[in-house]
Amino acid sequence: MAVLALLTGCSDEEPSLRESSPVQWKACDALFGAENMASLRDALDTGELRFSNTPLSVDRLRDQLTEEVVEWTPTAKYYSLKEYAPCSLSGSAPFRTTVEWAKDTLTAVRSSSSPWRHSGGDAYVDDRSVGQSQDTDVIFPCQVSGAVSAQQERIPLEVRVSAESGRVSSELHEQMVVSLARSLGDTLKCTNNPNIPDDLKLGR
């Protein structure tokens with residue numbers, strides 16, 4: 001009976017986050033760094049932490065983003081640019097990320113009426129953090145090999161990171177934003193080598 005009870009108890013245990021969502025776990029570590037993800041999970045974990053995005057490997061994300069931008073032409077009247085969610089966590093304080101080729105051109109981003117602010121290097125930031133909500137977008141040029149030369153200016157890359165400041169410090173939030181932007185620049189092998197500064201001057 002004791003053996004049966006022990007076996008029953010083991011069978012009721014839920015798999016770890018890494019075991020239940022291996023694709024998401026690996027992608028998050030690759031895009032944000034294992035140490036950053038460990039700090040994030042420590043900050044968010046209340047026993048209800050789950051990956052909320054569908055499985056999307058970094059290789060698959062790279063291939064889909066590359067295919068979209070290589071097929072784009074400046075004369076195209078209609079084209080579809082998808083939004084991808086490579087790493088998102090649900091729980092009492094959710095963490096969300098998105099990646100997409102931006103709808104705004106760099107000319108529009110740099111205009112005086114734009115909400116985007118130059119944050120050093122090649123990064124432009126739209127920080128909409130309010131109260132307990134940290135919500136930061138970064139746009140930067142990323143020229144992909146095989147795409148037309150106008151692509152870098154016309155369709156820059158945009159990333160967004162959202163977290164709750166009551167759980168995630170502003171320092172960790174900024175590290176996550178910077179890490180995602182840099183990782184994608186490396187993953188897509190941006191030929192212009194975009195410069196993403198350590199300090200994005202968030203909240204200033």
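Residues take their numbers from the sequence shown, with the count starting at 1. Reckoned from all heavy atoms, side chains included, excluding hydrogens, waters and symmetry mates.
For the pair P197 and V178, the tightest heavy-atom approach, listed with the atom from each and the gap, is O-CG2, 3.6 Å. When every heavy atom of D122 is checked against every heavy atom of P194, the shortest pair comes out as OD2-CA, 3.4 Å. The shortest non-hydrogen separation linking E158 to D137 is OE2-OD2, 2.7 Å. What you find for P74 and V148 is that their closest heavy atoms are CD-CG2, 3.9 Å. The nearest pair of heavy atoms linking V69 to Q151 is CG2-CG, 3.1 Å. Closest heavy-atom contact between L200 and E174: N-OE2, 2.6 Å.
Taking a 6.0 Å sphere around CZ of R110, one finds it holds more than 12 heavy atoms contributed by other residues, nucleotides or ligands. Within a 6.0 Å radius of CD in E153, more than 12 heavy atoms belonging to other residues, nucleotides or ligands are found. With a 6.0 Å radius and a threshold of 12 heavy atoms from other residues, nucleotides or ligands, K82 has its NZ atom at or below the threshold. For R96, the CZ atom sits in a loose shell: 12 or fewer heavy atoms of surrounding residues, nucleotides or ligands are nearer than 6.0 Å.
Both V161 and V168 are assigned to one and the same hydrophobic cluster, defined by single-linkage of ILVMFWY side chains at heavy-atom distances under 4.5 Å.
Put simply, the side chain of P86 does not reach to within 4.5 Å of the side chain of N53, judged on heavy atoms. Two residues are said to be in side-chain contact when any heavy atoms from C-beta on lie closer than 4.5 Å; I139 and L106 meet this criterion. Using a 4.5 Å cut-off on side-chain heavy atoms (C-beta onward), L40 and F95 make contact. Taking the side chain as every heavy atom from C-beta outward, N192 and Q143 approach each other to under 4.5 Å. Side-chain contact between E35 and Q175: absent, with no pair of heavy atoms (C-beta onward) separated by less than 4.5 Å. Side-chain contact between M37 and C87 is present, with heavy atoms from C-beta onward closer than 4.5 Å.
A salt bridge is defined here as a Lys NZ or Arg NE, NH1 or NH2 lying under 4.0 Å from an Asp or Glu carboxylate O, and D186 with R62 fails to meet this definition.
When only modelled atom types and interatomic distance are considered, D59 and S57 share no side-chain donor-acceptor pair under 3.5 Å.
Interatomic distance, CD of Q152 versus OG1 of T191, reported as 6.5 Å (0.5 Å rounding). From Y84, atom OH reaches atom OG1 of T54 across 11.0 Å, with rounding to the nearest 0.5 Å.
With respect to V99, the side chain to side chain contact (heavy atoms under 4.5 Å, CB included) criterion is satisfied by exactly one of V159, T187, L56: V159.
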**Asked** Stepwise, does the side-chain contact (heavy atoms from CB on, under 4.5 Å) test hold for V177 with V125?
**Response** CA-CA 10 Å; V177 178; V125 171; over 6 Å; no
**Test side-chain contact (heavy atoms from CB on, under 4.5 Å) applied to E83 and T98, step by step** = CA-CA 6 Å; E83 182 181 82; T98 59; 3.8 Å; yes
**H173 and L202: CA distance, side-chain angles, deciding distance, side-chain contact (heavy atoms from CB on, under 4.5 Å) verdict** = CA-CA 10 Å; H173 174 73; L202 302 183; 4.0 Å; yes
**Request:** Test Y124 against V138 for side-chain contact (heavy atoms from CB on, under 4.5 Å), laying out the working first.
**Result:** CA-CA 6 Å; Y124 292 83; V138 175; over 6 Å; no
